[in-house]
> 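What follows is a structure written as structure tokens; I'll ask about it next.
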Amino acid sequence: MAEKKTVVMGVIGSDVHAVGNRILEEAFTKAGFDVVNIGVLAPQEEFINAAIETDADAILVSSLYGHGELDCKGFREKCIESGLEDITLYVGGNLVVGKQEWEPTEDKFLEMGFDRVYPPGTLPEEPIADLKQDLGVTN
Amino acid sequence: MAEKKTVVMGVIGSDVHAVGNRILEEAFTKAGFDVVNIGVLAPQEEFINAAIETDADAILVSSLYGHGELDCKGFREKCIESGLEDITLYVGGNLVVGKQEWEPTEDKFLEMGFDRVYPPGTLPEEPIADLKQDLGVTN
Amino acid sequence: MKLENKKWDLEKFKQVRAEILGQWPTGEAVDFDEAIAYHKNLPTEKVMADKLAKAKEEGISLIQPRAGVALIDQHIELLQFLREEGKADVLPTTIDSYTRQNNYQEAADGIKESRNEGRSLLNGFPAVNHGVEGCRKLVEALDAPLQVRHGTPDARLLAEITLAGGFTDYEGGGISYNIPYAKEVSIEQTLYDWQYVDRLIGLYEEHGVKINREPFGPLTGTLVPPSVSHSVAIIEALLAVEQGVKNLTLGYGQCGNLIQDVAAIKTLEELAEEYLADYDDVMLTTVFHQWMGGFPQDEAQAFGVISWGAATAALAKATKVIVKTPHEALGIPTKEANAQGLRATKQLINMLKDQEFASNDKLEKEKEMIKKETRQILDRVFELGNGDLVQGTVKAFTAGVIDIPFAPSRYNAGNILPARDNEGAVRYLNPGNLPFSDEVLKFNQTKLEERGKEELREPNFQMVIDDIYAIGKGKLVGRPRE
Amino acid sequence: MKLENKKWDLEKFKQVRAEILGQWPTGEAVDFDEAIAYHKNLPTEKVMADKLAKAKEEGISLIQPRAGVALIDQHIELLQFLREEGKADVLPTTIDSYTRQNNYQEAADGIKESRNEGRSLLNGFPAVNHGVEGCRKLVEALDAPLQVRHGTPDARLLAEITLAGGFTDYEGGGISYNIPYAKEVSIEQTLYDWQYVDRLIGLYEEHGVKINREPFGPLTGTLVPPSVSHSVAIIEALLAVEQGVKNLTLGYGQCGNLIQDVAAIKTLEELAEEYLADYDDVMLTTVFHQWMGGFPQDEAQAFGVISWGAATAALAKATKVIVKTPHEALGIPTKEANAQGLRATKQLINMLKDQEFASNDKLEKEKEMIKKETRQILDRVFELGNGDLVQGTVKAFTAGVIDIPFAPSRYNAGNILPARDNEGAVRYLNPGNLPFSDEVLKFNQTKLEERGKEELREPNFQMVIDDIYAIGKGKLVGRPRE
Ligand code: B12
Ligand code: B12
């Protein structure tokens with residue numbers, strides 16, 4: 001990889017699920033990214049500040065506990081306000097309350113401005129491949 | 001009970017499920033009926049002959065193995081042909097192939113001329129009470 | 001016919017064979033030499049004995065559903081589904097009840113009606129009617145070994161057709177497919193008919209083709225004490241190997257008490273090895289049937305029962321598990337329900353495959369008693385036959401020395417009554433004429449008295465009835481209703 | 001604040017109390033004396049400690065779901081459903097995540113939005129916002145004891161309101177509801193806040209009202225070795241009884257290896273009795289959590305996992321089982337899915353209630369090692385605190401002498417790494433700074449080397465990752481992918 005890309009990742013809102021986050025950090029680091037992991041219980045601002053500070057290429061938002069819908073509202077807008085017009089935004093986890101059909105959930109988060117939305121149980125390989133593609137990383 | 005009522009029971013067709021039959025025999029006997037149990041693998045004729053020979057008041061047909069629909073066709077007609085115009089006919093067990101809704105199954109067997117139709121898992125108490133009522137037995 | 005436990009000579013076999021193959025038009029298509037060639041071309045992953053040997057070596061438990069529908073294409077679709085969605089390791093073909101009673105005409109009608117209605121009106125696959133060619137369509141479409149599962153007292157034509165058709169495993173036996181499955185068929189008759197089947201399989205083996213044989217372990221599936229089913233399994237095993245069978249899977253139906261069930265699988269293997277010691281080259285494996293009696297209607301509860309069977313099988317290290325479905329209490333399962341039972345089972349088999357039930361005093365005691373009981377029955381059987389096992393078996397049934405609870409057969413004494421003890425293990429409430437020593441009788445009695453004391457009632461037939469309903473009603477021991 | 005393990009005097013308690021009750025308008029409605037009277041009028045079947053004591057005596061395992069929705073009526077309906085359709089023995093009220101973080105305003109918004117949308121947008125019941133009166137509506141509508149289940153570092157106001165509201169059981173603790181549930185909250189802070197909660201419950205006890213306390217056993221739910229969770233449970237138990245708590249349920253989250261899990265429940269009870277020996281009148285019970293880590297998405301497989309937890313709990317004779325649902329991997333369950341998990345569990349609890357796991361060498365060895373490990377941790381904690389358990393605990397976390405795997409908290413060292421051994425028992429791959437003897441270290445190392453040899457790889461972090469995914473992918477031990 002010519003130049004390392006930077007991703008900010010964390011678990012949004014009042015969510016404390018730390019295990020998936022730890023594994024994503026490990027996997028993205030191994031895949032050659034510079035990972036800035038802000039951990040659990042992270043408000044939108046913290047993601048954005050970390051992204052600004054580190055000049056990040058992408059933000060990966062996790063939400064497991066069911067309040068993802070409430071917590072992610074306005075994330076894209078806030079990014080734009082903060083000058084992160086072009087940043088790549090991914091979101092994944094157990095995004096809504098309850099076992100629901102996937103398509104409507106995906107659409108909801110795509111509409112909110114996320115570039116890609118991942119269902120429960122996603123393995124790291126998939127978003128890694130996607131992110132390399134989206135950021136034009138070749139290896 | 002003034003006078004003992006006689007019931008013929010058995011398991012129809014190529015069906016060998018013997019356990020429920022044994023329990024029904026025990027329960028109806030204890031409840032004061034004269035039980036003529038023709039056991040498993042019983043063709044329609046055997047039920048009818050036993051009923052004629054013992055001047056029975058009712059016939060209880062079991063079918064567990066899924067061919068009940070095929071095996072019970074024409075049972076009522078054959079009873080009438082044989083002179084058993086007024087005999088009470090019950091049928092029960094796992095009457096059709098597969099887990100199906102109960103109402104259509106019940107209707108199907110009622111239409112075939114059975115007086116009462118019992119779903120899987122019926123305990124003996126229920127048909128005993130019903131039969132006492134249908135035969136006008138008081139105790 | 002003079003019935004003895006002796007390998008049939010080929011002449012006699014061929015004579016009978018001509019007659020058998022004439023029983024239904026599809027018999028004509030059976031060509032033994034061609035069948036041998038066909039089998040020899042089967043890849044190893046379609047050969048049951050190979051797959052079982054591998055599982056035994058690796059100490060894992062294979063999972064197998066029951067399944068069969070009237071029409072070939074639908075049956076293939078069903079089995080493919082169970083393989084893909086249920087991760088079934090080995091496949092069955094359950095035969096319909098008309099075929100089991102040799103009513104091929106009714107089976108033919110059932111096929112026709114099923115075609116007309118577009119759904120299966122038969123409770124299994126009518127293999128005789130579909131013939132050798134029909135069977136091979138299955139074998140060729142599927143990537144796992146196929147076994148015939150039925151319940152047929154006279155299963156000779158069925159064996160000829162399905163084996164020539166490429167099946168590599170055949171369930172049943174002269175006792176286990178008679179007593180629970182027939183009313184008026186004598187033991188002599190079925191022992192004779194199954195000698196034919198075993199001899200046929202022996203012939204395949206002599207020609208270098210492995211056909212696995214599996215006596216039907218659970219019998220009536222309802223509170224069968226391990227020593228009853230072990231006795232039958234070992235007799236059928238001995239009769240089979242005498243005719244040349246080389247690959248045997250002996251079975252046992254879960255009773256529900258973990259220690260008894262583990263002890264049962266262990267002793268089944270140990271006893272069989274002991275009794276078969278004189279025969280070379282026999283490959284012995286075990287199959288554990290998830291609870292074979294009445295199931296709860298509720299699917300979640302049924303999953304509980306299925307999972308407990310899976311866990312027990314894994315801890316006991318049975319070579320194979322026969323899997324029930326969440327529809328069990330209500331009717332033949334949809335393919336989806338069937339796959340669900342398989343997936344729940346596979347989850348537990350995989351989670352427990354590296355765990356074994358560690359021995360302890362209770363397990364050892366249980367094993368000891370099962371062995372004693374089984375040996376006492378088998379000793380008397382040999383005695384009754386003056387050393388001939390076939391004669392001994394016939395006499396044992398007449399004398400009630402072998403006796404299977406809740407069996408429909410007139411040829412079964414029907415004297416014994418089983419009931420659960422206070423921990424749910426199945427014991428002899430009434431030992432009938434089983435030739436048990438005082439020690440054994442006392443052991444069983446004490447165990448049941450323990451329960452009686454707990455329930456403040458004498459052990460009696462009501463207890464047996466309560467036990468029959470118990471698992472269906474969400475428990476193991478049929479405690480008095482509150 | 002000077003933090004020590006000493007019963008708060010009433011003066012101090014009352015001072016803090018005034019402040020707590022002022023944190024949100026609903027605090028005003030709390031009237032302690034009236035609450036005592038209210039509790040005294042509760043029928044015994046609504047009192048958790050009574051129900052637990054009875055279960056313990058009878059040797060049966062009670063079943064309990066997790067459940068909570070935003071609105072009172074819907075929450076009542078949900079719990080009634082779980083009681084009727086799931087046969088839940090005791091009931092929960094799971095608190096939403098905003099309330100857990102003391103964000104009562106966000107909870108209020110969630111209630112409003114839930115009312116508007118006619119469905120719960122909160123992942124639990126916001127009990128503080130609903131207040132004493134709201135809680136009592138639940139208590140009065142339901143015929144089983146209610147427990148608060150949450151995950152709240154500062155749970156003082158929640159305790160005041162729910163206990164005055166008639167709840168008779170309260171989950172959590174200064175460690176177990178901090179380290180897995182918070183990032184920036186110090187241990188000092190939560191130990192202090194939970195002393196308040198325990199003192200409050202002590203006060204209820206002093207007034208003759210039994211409130212059961214349940215430290216949260218499973219912690220992060222992910223490969224937590226028994227000696228880690230036992231150490232925490234025993235510390236929280238000791239801290240609680242010091243403040244006057246009398247009824248305690250100690251918990252453990254299933255790891256999946258039968259012997260380890262049975263050993264864990266047995267040692268948890270034995271060790272706790274030993275450590276609590278100086279305190280009179282403490283009623284001790286145990287709770288077993290069905291697998292708390294990642295679940296399979298497929299419902300049939302999930303039923304397998306649920307059933308295995310149920311079976312293990314029954315064989316270990318835990319007093320209570322917390323039940324998972326077939327929706328676990330995907331989202332908060334519907335009430336139907338919740339009831340299904342309960343029914344599968346109940347089936348197995350009932351089928352196994354008369355069976356106990358008979359002891360053997362492996363179990364004894366496992367118990368011995370869990371006890372050694374736990375004692376070594378606790379000894380050092382006491383040492384670090386110069387005899388004071390609170391001080392010892394604080395220092396132990398700083399030093400990594402207590403260390404919880406995969407915890408989000410900054411106050412947790414996060415040095416240890418657990419991994420499964422070749423039979424699926426959870427061992428220490430990296431013991432971090434846990435104060436283990438050479439014997440213990442060697443034991444763990446040997447066990448993991450056994451697995452490494454089997455898998456032809458060095459035990460490392462990849463093994464841990466494989467183990468984290470394993471159950472979700474249908475196995476227990478995370479073998480290398482093929
Ligand atoms: C034990 C059992 C067997 C044993 C039977 C041993 C024996 N000879 O008795 C064995 C293993 C041999 C067996 C074989 C087969 N079985 Co079977 N068997 C069962 C099982 C598990 C329990 C039956 C039982 O004993 N229940 C306990 C007794 C007390 O209950 P019961 O039989 O239901 O009877 C009670 C009530 O139904 C009612 N009742 C019954 N009849 C009547 C009649 C009247 C008038 C009234 C009022 C009430 C009433 O009262 C009885 C007492 O309470 C059931 C499934 C289940 N229920 O869980 C399948 C089941 C009945 N079997 C079934 C099948 C298909 C077969 C086989 C074809 C093999 C196969 N494909 O798997 C063969 C058929 C053999 C044949 N020719 O009949 C299916 C039937 C499917 C369907 N209807 O769609 C079932 C439902 C399993 C399933 N879901 O696939 N089986
Ligand atoms: C372990 C666990 C806990 C532990 C967490 C310990 C800790 N601090 O980490 C404890 C017990 C503390 C806990 C608490 C709670 N939990 Co929890 N928990 C789980 C559980 C069982 C496993 C999670 C896990 O670790 N999985 C393993 C990791 C590796 O997988 P993962 O987290 O899914 O992450 C992977 C993927 O999702 C993906 N991914 C994740 N984020 C992202 C982001 C991007 C951009 C991409 C590409 C991919 C991606 O990659 C990860 C690695 O493969 C899940 C259910 C399940 N999955 O089986 C419930 C679950 C997540 N919890 C849930 C809930 C509700 C809670 C509680 C509110 C309590 C309750 N009501 O039961 C509290 C919430 C506390 C809080 N404030 O957050 C719900 C969420 C419901 C919903 N969304 O509808 C779940 C789904 C269970 C359920 N069905 O009810 N929980």
Side-chain angles (χ1 to χ4, degrees), chain C residues 85-87 256-260 291 296 298-308 310-312 315 325-326 336-337 339-363 420-425 451 454 470-471 473-477 479, chain D residues 85-87 256-260 291 296 298-308 310-312 315 326 336-337 339-363 365 420-425 451 454 470-471 473-477 479:
Chain C
E85 299 298 315
K87 306 273 173 282
N257 173 288
L258 178 62
I259 291 189
Q260 182 173 49
W291 173 245
D298 173 66
E299 298 193 14
Q301 291 178 260
F303 272 117
V305 179
I306 289 168
S307 301
W308 182 229
T312 305
L315 291 172
T325 83
E336 289 79 15
Q340 285 174 347
L342 288 164
R343 289 200 300 271
T345 300
K346 189 70 144 212
Q347 178 78 26
L348 283 185
I349 294 292
N350 280 346
M351 282 178 68
L352 302 188
K353 69 165 172 244
D354 303 308
Q355 303 179 43
E356 187 155 10
F357 191 86
S359 184
N360 58 39
D361 295 350
K362 275 185 104 164
L363 182 70
R420 295 189 183 279
D421 71 14
N422 207 36
E423 295 176 56
R451 171 172 171 194
E454 176 78 23
I471 289 184
K473 297 198 171 307
K475 31 196 189 167
L476 181 64
V477 183
R479 304 293 183 193
Chain D
E85 298 298 315
K87 305 273 173 283
N257 173 289
L258 179 61
I259 291 190
Q260 182 173 49
W291 172 244
D298 173 66
E299 298 193 14
Q301 291 178 260
F303 272 118
V305 178
I306 289 168
S307 300
W308 182 230
T312 304
L315 291 172
E336 289 79 15
Q340 285 175 348
L342 288 164
R343 289 201 300 273
T345 299
K346 188 72 144 210
Q347 178 77 25
L348 282 186
I349 295 291
N350 280 347
M351 283 179 67
L352 303 188
K353 70 166 171 242
D354 303 308
Q355 302 179 44
E356 187 155 11
F357 191 86
S359 184
N360 58 40
D361 294 351
K362 273 185 104 163
L363 182 70
K365 177 73 187 173
R420 295 189 182 281
D421 70 16
N422 207 36
E423 296 176 54
R451 172 172 170 194
E454 177 77 24
I471 290 184
K473 297 198 171 307
K475 32 194 190 169
L476 182 63
V477 183
R479 304 293 183 193

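Per chain, numbering begins at 1; letters A, B, ... match sequence-line order. Just so it is clear, the model here is predicted, and its values are computed rather than measured. The analysis underlying the following values was restricted to heavy atoms, covering all of them including side chains, and did not include hydrogens, waters or symmetry mates.
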> Are C/D354 and D/R451 within salt-bridge range, i.e. N to O under 4.0 Å?
no
> Can you say whether C/P326 sits under 4.5 Å from chain D via the side chain, the backbone, both, or neither, judging by heavy atoms?
neither
> Heavy-atom distance under 4.5 Å to chain D: side chain of C/I349, backbone, both or neither?
neither
> Can you tell me how far CZ of C/F357 sits from CD1 of D/I259, rounded to the nearest 0.5 angstrom?
8.0 Å
> Looking at D/A425, D/G424, D/A302, D/A300, which makes the most heavy-atom pairs under 4.5 Å with chain C?
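Top option by heavy-atom pairs under 4.5 Å: D/A300.
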> Rounded to the nearest 0.5 Å, how far apart are CD of D/E356 and CG of C/L258?
12.5 Å
> Can you tell me which of D/S307, D/G341, D/P296, D/A470 forms the most heavy-atom pairs within a distance under 4.5 Å of chain C?
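That would be D/S307.
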> Kindly compute the distance separating CG (D/L342) from CD (C/Q301), expressed to the nearest 0.5 Å.
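Between D/L342 CG and C/Q301 CD, I get 11.5 Å after rounding to 0.5 Å.
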> Side chain from CB out, backbone as N, CA, C, O: work out which of these in D/L315 comes under 4.5 Å of a heavy atom of chain C, or both, or neither.
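Just the side chain, heavy atoms under 4.5 Å.
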> Tell me, for C/L348 versus chain D, whether the close heavy atoms (under 4.5 Å) come from the side chain, the backbone, both or neither.
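Looking at C/L348, just its side chain touches chain D.
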> Sort out for me which of D/M351, D/K473, D/E299, D/E454 touches chain C most, counting heavy-atom pairs under 4.5 Å.
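Among D/M351, D/K473, D/E299, D/E454, the one with the most close pairs to chain C is D/M351.
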> Heavy-atom cut-off 4.5 Å, strictly under: side chain, backbone, both or neither for C/D298 against chain D?
side chain
> Is there a side-chain contact between C/L352 and D/W308, using heavy atoms and a 4.5 Å cut-off?
yes
> Check whether any side-chain heavy atom of C/L476 lies under 4.5 Å from a side-chain heavy atom of D/Q355, and answer yes or no.
yes
> Looking at every non-hydrogen atom in both residues, tell me the closest pair between D/K475 and C/Q347 and how far apart they are.
N-NE2, 4.3 Å
> Can you tell me which portion of C/S359 sits under 4.5 Å from chain D's heavy atoms? Options are side chain, backbone, both or neither.
backbone
> Top residue by heavy-atom pair count (under 4.5 Å) with chain C, among D/N422, D/N350, D/D361?
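Ranked by contacts with chain C, first place is D/N350.
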> Quick check on C/A310 against chain D: is it the side chain, the backbone, both or neither that has a heavy atom closer than 4.5 Å?
neither
> Specify which of C/A344, C/G474, C/A358 makes the most heavy-atom pairs with chain D at under 4.5 Å.
C/G474
